[in-house]
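Quick caveat: nothing in here was measured; it's all calculated off a predicted structure.
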Amino acid sequence: MSLNRKTREVRIFTPSEVGLFGRVFERAKRKGDSEAHREALASRIVANYMAGITDEAELLALSRQPLGRFDTSP
């Protein structure tokens, strides 16, 4: 599973942290998502957590949003 691979690449997490990531990942993924989309989702979950987002609902909401710059052009 991509989420497990991403967590191993970044650092060692506790079982409760990995459980949180798994719950958020399961709720955020959508049927028909490509493997690349799921990889990006897993990366966002871990990145947001490492940035200090530890509340499950907030982590879910933020992880559904793509990373990167916002386009502010009209």
### Message
The criterion is salt bridge (charged side-chain N to carboxylate O under 4.0 Å, His left out); which residues satisfy it with Arg27, sequence neighbours excluded?
### Response
Glu56

## Note on the structure
To the nearest 0.5 Å, atom CD1 of Ile45 lies from atom CG of Leu60 at 8.0 Å

### Task
Compare every heavy atom of Thr54 with every heavy atom of Tyr49, then report the nearest pair and how far apart it is.
CE1-CG2, 3.7 Å

### Query
Mind checking what makes side-chain hydrogen bond (donor to acceptor under 3.5 Å, both in side chains) contact with Glu58, not counting sequence neighbours?
none

### Message
Please find the pair of heavy atoms, one from Ser63 and one from Leu41, that lie closest to each other, and give the distance.
### Response
O-CD1, 3.5 Å

### Message
To check you understand the geometry: which heavy-atom pair defines the closest contact between Arg38 and Arg30, and what is its length?
### Response
NH2-O, 3.7 Å

### Message
So, using side-chain hydrogen bond (donor to acceptor under 3.5 Å, both in side chains) as the criterion, who are the partners of Ser16 when residues are at least two apart?
### Response
Thr14

### Task
To the nearest 0.5 Å, tell me how far Arg44 CZ sits from Ile53 CD1.
14.0 Å

### Trace of the side chain to side chain contact (heavy atoms under 4.5 Å, CB included) decision for Glu17 with Leu20
CA-CA 5 Å; Glu17 289 172 320; Leu20 171 66; 5.5 Å; no

